[in-house]
Amino acid sequence: MSVFGGYAHYYDLLYRDKDYLSESIFLRNLIEKHHPNTRTILELGCGTGGHAFHLAEKDLAVHGVDISHQMLAEANKKRATLTPGMAKNIVFSHGDARNVRIDNKFDCAISLFHVLSYQTRNDDVMAAFQTAKHHLNPGGIFIFDCWYGPAVLTTLPEVRIKRFEDSMYSIIRIAEPVMHPNMNLVDVNYTVLIKDKAKETIEEQKETHSMRYFFYPEIEMLCRQNGFELVDAQEWMSGNQPGFDTWSVSFVVRR
């Protein structure tokens with residue numbers, strides 16, 4: 001089963017505690033600091049559009065790309081509810097961060113919620129960097145976050161259980177990690193139990209998300225090899241210097 005393919009319909013319930021507004025403010029602050037003239041943004045891995053809608057509210061034009069048709073369907077449902085003035089600032093289209101090519105250039109490219117960590121092979125990571133470079137205007141910036149190696153190896157992944165509920169569904173998600181230390185990978189094996197309250201049925205879905213963790217010198221090397229300069233690295237949302245307790249780090253690189 002493709003990643004997010006099985007439960008894309010329930011994605012927003014699973015991540016309803018994710019603060020897209022605060023994350024978008026954090027992102028806009030990074031943009032203002034490093035490329036204040038930004039007007040157009042390419043989002044690689046837009047999901048159901050959580051960040052795109054908040055960015056568009058600030059009159060930024062966002063083109064969101066995602067590999068999941070199901071996720072894009074949910075994003076377009078939301079877009080259909082917007083006023084024409086808002087909707088004109090957002091476009092969603094299907095594509096893979098490794099090879100999508102759009103006939104347009106952008107001031108900024110973003111790839112959030114660890115999309116880069118889903119690029120598990122070296123060729124995948126290089127291809128994602130090349131996609132960002134291809135679509136950026138000279139001097140444009142690429143902002144991404146990823147799992148950070150020092151923290152992953154200090155606080156090893158463990159089994160986690162989360163429960164979610166609304167008026168229609170009750171969901172239990174079990175995450176069971178398997179480490180592959182020689183490949184800098186963690187396979188997160190998800191079992192998702194979805195109870196439809198109206199039908200009184202229970203559906204089980206399984207997915208494996210393979211996640212790669214990165215180290216600072218590795219990101220520096222990737223930048224040099226792909227025509228970027230690393231200009232900022234900080235803990236996602238807090239702005240603190242990355243360290244042994246920093247699972248998610250945001251990087252800003254300039255073409």
Side-chain angles (χ1 to χ4, degrees), residues 20-47 49-66 89-93 95-119 124-148 212 214-242 246 248-255:
Y20 284 102
L21 175 58
S22 295
E23 292 186 8
S24 297
I25 292 171
F26 177 77
L27 181 61
R28 290 204 310 270
N29 288 338
L30 288 177
I31 294 172
E32 182 65 26
K33 177 180 178 181
H34 296 289
H35 200 317
N37 295 324
T38 291
R39 295 294 177 268
T40 57
I41 297 175
L42 172 66
E43 183 172 13
L44 300 172
C46 63
H51 296 109
F53 292 112
H54 287 297
L55 294 171
E57 287 177 350
K58 299 302 179 181
D59 207 29
L60 294 166
V62 183
H63 189 132
V65 174
D66 204 275
N89 285 332
I90 302 177
V91 175
F92 295 117
S93 63
D96 189 318
R98 296 168 295 183
N99 54 38
V100 66
R101 293 295 182 268
I102 298 168
D103 189 20
N104 206 351
K105 298 292 184 182
F106 299 84
D107 301 318
C108 176
I110 63 175
S111 195
L112 305 176
F113 211 2
H114 312 135
V115 168
L116 195 72
S117 285
Y118 280 93
Q119 315 310 314
D124 296 332
V125 181
M126 295 285 281
F129 268 80
Q130 284 298 309
T131 294
K133 180 182 177 182
H134 175 84
H135 291 97
L136 283 174
N137 291 316
I141 58 173
F142 178 29
I143 302 175
F144 58 89
D145 63 352
C146 61
W147 283 20
Y148 194 53
R212 178 169 176 169
F214 293 88
F215 298 86
Y216 193 98
E218 188 178 7
I219 298 296
E220 284 186 314
M221 181 182 66
L222 287 164
C223 288
R224 288 196 301 270
Q225 292 178 338
N226 290 283
F228 286 98
E229 174 192 8
L230 176 55
V231 296
D232 197 358
Q234 53 185 273
E235 182 177 33
W236 177 248
M237 292 300 289
S238 77
N240 294 333
Q241 183 176 347
T246 313
S248 181
V249 173
S250 60
F251 292 90
V252 182
V253 304
R254 188 185 310 280
R255 179 184 172 190

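In terms of heavy-atom proximity, Ala56 sits nearest to Val62 at N-CG2, 4.4 Å. Nearest heavy-atom pair across Tyr216 and Ala233 is CE1-CB, 3.7 Å. Considering all non-hydrogen atoms of both residues, Val253 and Cys223 come closest at CG1-SG, 3.3 Å. Minimum heavy-atom separation, His35 to Gly139: CD2-O, 3.3 Å. The minimum heavy-atom distance between Cys108 and Ile143, with the atom names listed, is SG-CD1, 4.3 Å. When all heavy atoms are compared, the tightest approach of Leu112 to Leu27 is CD1-CD2, 3.8 Å.
Considering only residues two or more places apart in sequence or on other chains, Thr40 meets the side-chain hydrogen bond (donor to acceptor under 3.5 Å, both in side chains) condition with Asp107. The side chain to side chain contact (heavy atoms under 4.5 Å, CB included) search around Lys33 returns Asp232, not counting sequence neighbours.
Residues Val249 and Phe214 have side chains not in contact (no heavy-atom distance under 4.5 Å, counting atoms from C-beta outward). Under the 4.5 Å side-chain criterion, counting only non-hydrogen atoms from C-beta, Cys46 is in contact with Phe92. In this structure, Phe129 and Thr131 have side chains that are not in contact, with every pair of non-hydrogen atoms separated by 4.5 Å or more. By the 4.5 Å heavy-atom criterion applied to side chains, Ile110 and Leu55 are counted as neighbours. Side-chain contact between Leu222 and Met126 is present, with at least one heavy-atom pair separated by less than 4.5 Å.
The closest donor-acceptor contact from the side chain of His135 to the backbone of Ile102 lies under 3.5 Å. Under a 3.5 Å cut-off, the side chain of Ser111 and the backbone N or O of Phe144 do not form any donor-acceptor pair. The main-chain N or O of Phe113 is found under 3.5 Å from a side-chain atom of Asp145 such that the two form a donor-acceptor pair. In terms of modelled atom types and a separation under 3.5 Å, the side chain of Glu218 and the main chain of Phe215 share a donor-acceptor contact. For Arg254 (side chain) and His34 (main-chain N/O), a donor-acceptor pair under 3.5 Å exists by modelled atom type. Arg98 places no side-chain N or O within donor-acceptor distance of the main-chain N or O of Ala128, the cut-off being under 3.5 Å. Ser117 contributes a side-chain N or O that, together with a main-chain N or O of Trp147, makes up a donor-acceptor pair within less than 3.5 Å. Looking only at distances, a side-chain donor or acceptor of Asp66 sits under 3.5 Å from a matching main-chain atom of Gly47. Judged purely by atom type and a 3.5 angstrom limit, Ser238 uses its side chain to pair as donor or acceptor with the backbone of Asn240.
Atom-to-atom distance recorded for Phe26:CZ and Ser24:OG is 11.5 Å, nearest 0.5 angstrom. To the nearest 0.5 angstrom, Ile90 atom CD1 is 8.5 Å from Glu57 atom CD. Between atom CD of residue Glu235 and atom OH of residue Tyr148 there is a gap of 11.0 Å, rounded to the nearest 0.5 Å. Taken from CG in Leu136 to CZ in Arg255, the straight-line distance is 7.0 Å, to the nearest 0.5 Å. Residue Met237 holds its CE atom at 8.0 Å from CD1 of Ile25, rounded to the nearest 0.5 Å. Atom OG of Ser248 is separated from atom CD of Gln234 by 11.0 Å, given to the nearest 0.5 angstrom.
With 3.5 Å as the limit, one finds no donor-acceptor pair spanning the side chains of His63 and Glu43. Side-chain N/O atoms of Asn226 and Gln130 include a donor and acceptor closer than 3.5 Å. No donor-acceptor contact under 3.5 angstrom links the side chains of Arg28 and Thr38, judged on distance only.
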**Study point:** Stepwise ring pair (Phe, Tyr, Trp, His ring centres under 6.0 Å) check, Tyr20 with His51
**Key:** CA-CA 6 Å; Tyr20 284 102; His51 296 109; 4.9 Å; yes
Check your understanding: Do Ile41 and Ile31 pass the side-chain contact (heavy atoms from CB on, under 4.5 Å) test, and can you show the C-alpha distance, the side-chain angles, and the key distance before you say yes or no?
Key -> CA-CA 10 Å; Ile41 297 175; Ile31 294 172; 4.0 Å; yes
Check your understanding: Can His134 and Arg101 be said to form a side-chain contact (heavy atoms from CB on, under 4.5 Å), step by step?
Key -> CA-CA 8 Å; His134 175 84; Arg101 293 295 182 268; 3.2 Å; yes
Practice item. Go through the steps to decide whether Leu230 and Arg224 satisfy the test side-chain contact (heavy atoms from CB on, under 4.5 Å), and finish with yes or no. Key: CA-CA 9 Å; Leu230 176 55; Arg224 288 196 301 270; over 6 Å; no
Exercise for review: Just do the side-chain contact (heavy atoms from CB on, under 4.5 Å) check on Phe251 and Val231 with the steps written out, would you?
Suggested key: CA-CA 8 Å; Phe251 292 90; Val231 296; over 6 Å; no
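Within 6.0 Å of atom NZ in Lys105, more than 12 heavy atoms from other residues, nucleotides or ligands are found, so the atom counts as buried in its surroundings.
Classified by interplanar angle (parallel below 30°, tilted 30° to 60°, perpendicular above 60°), the ring pair Phe228/Phe142 is tilted.
Annotation: salt bridge (Lys or Arg N to Asp or Glu O under 4.0 Å) contacts involving residues 127-142, sequence neighbours excluded, are absent.
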